Amino acid sequence: MHPSPLLNGLNDEQRHAVLLPDTHALILAGAGSGKTRVLTTRMAWLLQSQRCSPGGILAVTFTNKAAREMLTRLQAMLPLNVRGMWVGTFHGLCNRMLRAHWKLVALPQAFQILDTQDQLSALKRVYKANGIDEERLPIKPTQWFIAGCKEDGLRPNDVDARDPDTRKRVEIYALYEAQCQREGVVDFGELMLRSYELLRDNTALREHYQHRFSHVLVDEFQDTNRLQYAWLKLLCGPQTSLFAVGDDDQSIYAFRGARVGNMADFVREFEVQHTIKLEQNYRSHSNILDSANALIGHNKNRLGKNLRTDAGAGEPVRVVALSTDLAEAQWLVEEIRHLKREGREATGGTGVDRLDEVAVLYRSNAQSRVLETALFNAGMPYRVYGGMRFFERAEIKHALAYLRLLDNPNDDTSFLRVVNFPPRGIGARSIEQLQDAARAQGASLSQAVAQVSGAAGAKLNGFIALLDVIREAGQGQPLRQWVELVLQHSGLIEHYRKDREGEDRIDNLNELVTAAESFVTQEGFGKQAPGSEESAWVNPDTGETESPLSAFLTHAALESGDNQAQAGQEAVQLMTVHSAKGLEFDAVFITGMEEALFPHENALNDLDGLEEERRLMYVAITRARKRLYLSHTEQRMLHGQTRFHIRSRFIDELPEQAIKWIHQTHPAGAGHGWSAGGRAGGSMAWSSQSAAPWSGSAGAPAAVAQPKAQAESRHAWLKQGSQVFHTKFGEGTVLAVEGINDDARAQINFSRHGVKWLALSVAKLTPIA
DNA sequence: TCCAGCCACTTTTTT
DNA sequence: AGTGGCTGGA
């Protein structure tokens with residue numbers, strides 16, 4: 001075998017993985033071990049050595065970003081037409097399959113996709129239509145239940161319901177399914193499940209795909225759920241080899257159905273002969289890596305893997321204790337400044353020279369607010385990941401609902417969303433009338449409009465007429481024109497113009513026009529279908545034409561879009577630990593390192609939950625290349641209440657020699673911890689230098705409000721972790737304390753009586769030494 | 001029908 | 001604290 005430039009720079013483990021023969025393989029790829037590189041090089045190698053044509057490869061990931069990245073890298077290695085390749089997310093590929101076989105799976109050609117919000121409102125309608133009491137059977141858990149069933153591949157008939165609540169939920173599940181089918185919509189789970197069933201029940205088709213795909217490659221295999229694994233099993237025939245890449249230590253999605261056990265099952269069921277560990281880390285200095293290794297060593301359930309690096313020890317991992325969340329934020333700003341300064345002064349120094357090489361991580365989104373305020377007041381640019389995405393914004397969902405109705409008039413979710421938005425005098429009573437009529441006939445709301453008489457009927461007819469006008473005007477027009485027509489005729493723009501806060505929304509709506517335009521360009525809709533003014537997309541799998549509008553709607557549902565495209569700006573990156581997975585930075589700050597926050601309180605009670613939290617921490621640590629900081633506070637505001645926490649056990653699981661404790665110049669806990677600037681000589685001068693833009697009026701910026709005098713609480717002696725005695729309940733351990741003085745209450749785990757919340761002004765508690 | 005004010009809720013996230 | 005849903009008055 002002559003050497004190929006593709007293999008240049010790969011280490012032995014990596015090269016071994018890339019050059020494996022056409023058999024099943026499991027690659028255990030540690031953090032920063034070049035996982036994506038192996039995956040893409042493997043694909044390039046298969047193609048280059050002519051063992052496989054582009055059409056014979058199916059590569060699947062979890063996020064669109066990962067899929068894009070894979071294609072980009074692949075194209076950089078080989079000149080390649082990507083069109084016929086099946087590279088995408090699980091949901092994207094399932095969608096592709098269902099579109100190709102829409103008749104077989106009994107869906108309308110223009111079936112639409114419900115996102116989580118849509119699913120909830122669809123479920124609400126099921127509740128209403130069937131007189132189900134939301135109080136008795138809360139709706140969110142029902143939504144989770146249905147999603148969970150689908151993740152396990154279960155239809156209502158397959159669920160083993162043992163208690164009355166579950167039986168009721170199964171009933172609702174069946175009703176919900178019927179409703180979706182009637183309306184021609186599918187939720188995310190349904191995309192997967194129906195695609196699975198298509199392969200399962202249709203032998204000819206299954207064999208076709210099995211024959212077609214000689215190589216299936218899976219990224220982040222540890223995150224697959226039952227159904228996804230089952231789907232992969234159907235896709236792989238006797239001639240197919242499955243190349244799975246994953247890391248059990250980075251499995252952090254059990255809460256949404258991911259099953260690490262799939263890795264072991266894969267090895268057993270596919271009789272995997274080749275398991276390769278990638279343990280060479282190219283990312284972090286060894287203090288950071290040692291910390292990660294030591295931490296994850298505390299987990300019992302592991303396949304076992306230890307990362308090593310050739311990089312030097314580097315800087316120690318710094319641990320800081322602060323008094324309050326506010327102090328933490330202020331310290332963070334100061335430390336980032338310091339890093340930046342260091343980076344600029346010394347080339348090759350240990351600082352950072354770009355702010356976007358700094359990431360601030362937290363366990364839950366609620367923690368970002370204080371940090372944002374501090375960064376904002378300091379005039380330091382930052383970017384927050386997560387939260388509202390473009391296609392999830394209310395105004396965008398409204399505009400999309402109009403477009404969806406134009407494409408599929410039976411989409412009742414969209415109908416209800418915009419039938420009276422902007423307000424056009426169609427109230428709850430009219431809608432109820434309409435829903436009754438629709439129910440009586442088993443018809444969709446659009447279809448039932450004709451049945452409603454009187455004033456309500458007239459107004460409803462007006463709405464239908466509005467849609468007809470747009471449809472008429474859009475005939476033969478390009479996609480961009482359809483969006484503009486909707487914006488013009490729906491009255492959305494006008495509506496928001498009246499709203500003083502509506503300016504951003506109007507901007508976003510205009511942005512939607514741009515998005516439509518660039519979608520057409522990027523997806524290659526430019527080619528005109530023969531004999532038609534309207535551009536159309538020819539499905540490469542079936543040769544059928546699909547309207548740009550439906551394709552765009554699918555795109556909007558499957559790719560919720562980046563949240564804030566402040567691209568180009570050099571900014572500190574703020575995100576949850578979950579969304580940091582797969583990314584890396586020179587400097588990483590992990591904030592809120594406190595019990596009940598990280599590990600999260602909901603996970604404290606069971607071992608599996610705790611191990612998942614630890615893996616989450618492992619992910620967080622391994623994001624850092626050169627610098628890692630952990631910070632924790634004594635008190636912080638959470639849901640509007642002050643809470644006291646002790647430092648996270650995870651800090652104590654790190655190796656002493658790899659970390660360095662940073663001490664504040666001012667004693668913490670006196671209620672002024674926020675004024676400490678970080679290292680010695682730090683001052684608070686900067687906080688007044690960079691006043692917030694709105695602080696033209698006298699007074700300190702909002703963020704620098706004085707912390708409440710928590711230290712003076714009568715119950716200050718009572719801290720998380722203290723042992724207490726109660727005259728009635730006996731001995732217990734304090735899990736959490738909230739509020740101060742008369743409002744103070746504590747959550748206590750009594751060894752005899754379990755966990756209870758007690759008001760401290762009432763309960764008689766004494767400390768146990 | 002519409003809007004304002006009140007109440008309950010709050011993990012992590014992608015599709 | 002902030003958001004979203006719901007109720008009651010205009």
Side-chain angles (χ1 to χ4, degrees), chain A residues 60-67 88-95 113-121 124 134-135 138-140 144 147 150-151 186-193 195 219-220 223-225 227-228 251-258 325 361-370 372-373 385-389 391-392 394 420-431 455-456 459 499 554-561 563 575-582 592 596-604 609 612-613 615-617 619-620 636-642 702 705:
Chain A
V60 61
T61 62
F62 279 87
T63 65
N64 291 301
K65 200 172 149 204
T89 63
F90 277 101
H91 294 88
L93 296 181
C94 286
N95 172 66
I113 300 167
L114 300 184
D115 67 14
T116 317
Q117 289 174 37
D118 299 330
Q119 190 189 23
L120 191 69
S121 54
K124 270 187 190 152
E134 235 185 281
E135 297 275 288
I139 201 156
K140 276 266 180 64
W144 299 336
K150 292 192 180 185
E151 278 157 6
V186 297
D187 60 34
F188 288 132
E190 187 72 23
L191 282 175
M192 257 334 296
L193 183 49
S195 168
D219 190 19
E220 306 277 18
D223 286 337
T224 52
N225 60 36
L227 180 59
Q228 285 158 342
S251 153
I252 55 173
Y253 285 113
F255 71 92
R256 67 173 200 216
D325 48 351
L361 309 185
Y362 34 82
R363 173 67 233 273
S364 61
N365 276 313
Q367 288 166 248
S368 76
R369 179 147 269 112
V370 194
E372 281 183 65
T373 319
Y385 281 71
M388 263 300 161
R389 287 174 170 70
F391 287 115
E392 286 168 7
N420 196 36
F421 194 94
R424 46 176 74 89
I426 302 174
R429 266 219 340 242
S430 312
I431 289 170
K459 283 182 172 161
D499 189 348
T554 300
H555 166 80
L558 288 180
E559 283 198 52
S560 37
N563 26 20
M575 67 191 84
T576 63
V577 180
H578 279 94
S579 37
K581 185 166 168 201
L597 253 176
F598 199 4
H600 196 274
E601 53 194 333
N602 296 0
L604 290 177
E612 176 144 323
E613 295 288 309
R615 290 192 294 269
L616 198 50
M617 181 65 189
V619 168
R636 87 170 50 237
M637 284 289 261
L638 209 60
H639 309 311
Q641 278 200 306
T642 303

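Bear in mind the structure is a predicted one, so any value in this text is a computation, not a measurement. Proteins get letters first, then strands, A, B, ... in listed order; numbering begins at 1 in each.
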* Can you name the side-chain hydrogen bond (donor to acceptor under 3.5 Å, both in side chains) partners of Ser251(A), sequence neighbours left out? -> none
Excluding sequence neighbours, so at least two apart, what forms side chain to side chain contact (heavy atoms under 4.5 Å, CB included) with [X]?
X: Ala66(A); value: Thr61(A), Thr63(A), Asp219(A)
X: Glu612(A); value: Ala254(A), Phe255(A), Arg615(A)
X: Asp118(A); value: Leu114(A), Asp115(A), Lys397(A), Arg404(A), Thr413(A), Arg417(A)
X: Ala456(A); value: Ser430(A), Gln433(A), Val452(A)

Review item, nucleotides 1-3 of chain B N/O atoms under 3.5 Å of protein N/O:
{"residue": "dT1(B)", "atom": "OP1", "partner": "Gly427(A)", "partner atom": "N", "Å": "2.5"}
{"residue": "dT1(B)", "atom": "OP1", "partner": "Ser430(A)", "partner atom": "OG", "Å": "3.2"}
{"residue": "dC2(B)", "atom": "OP1", "partner": "Gly425(A)", "partner atom": "N", "Å": "3.3"}
{"residue": "dC2(B)", "atom": "OP2", "partner": "Asn420(A)", "partner atom": "ND2", "Å": "3.0"}

* Asked: With sequence neighbours excluded, what pairs up with Glu190(A) under the salt bridge (charged side-chain N to carboxylate O under 4.0 Å, His left out) test?
  -> Lys150(A), Arg155(A), Arg194(A)
Could you work out, with ring pair (Phe, Tyr, Trp, His ring centres under 6.0 Å) as the rule, every residue matching [X], not counting sequence neighbours?
X: Phe188(A); value: His91(A)
X: Phe421(A); value: His398(A), His495(A)
X: His600(A); value: none

* Is Lys581(A) salt-bridged to Asp223(A), cutoff N-O under 4.0 Å? -> yes
Distances under 3.5 Å between nitrogen or oxygen atoms of protein and nucleotides 2-6 of chain C:
none

* Asked: Along nucleotides 9-15 of chain B, 5' to 3', which nucleotides get a B, which get an S, and which get a -, given that the test is a protein heavy-atom distance under 4.0 Å?
  -> -BBBBBB
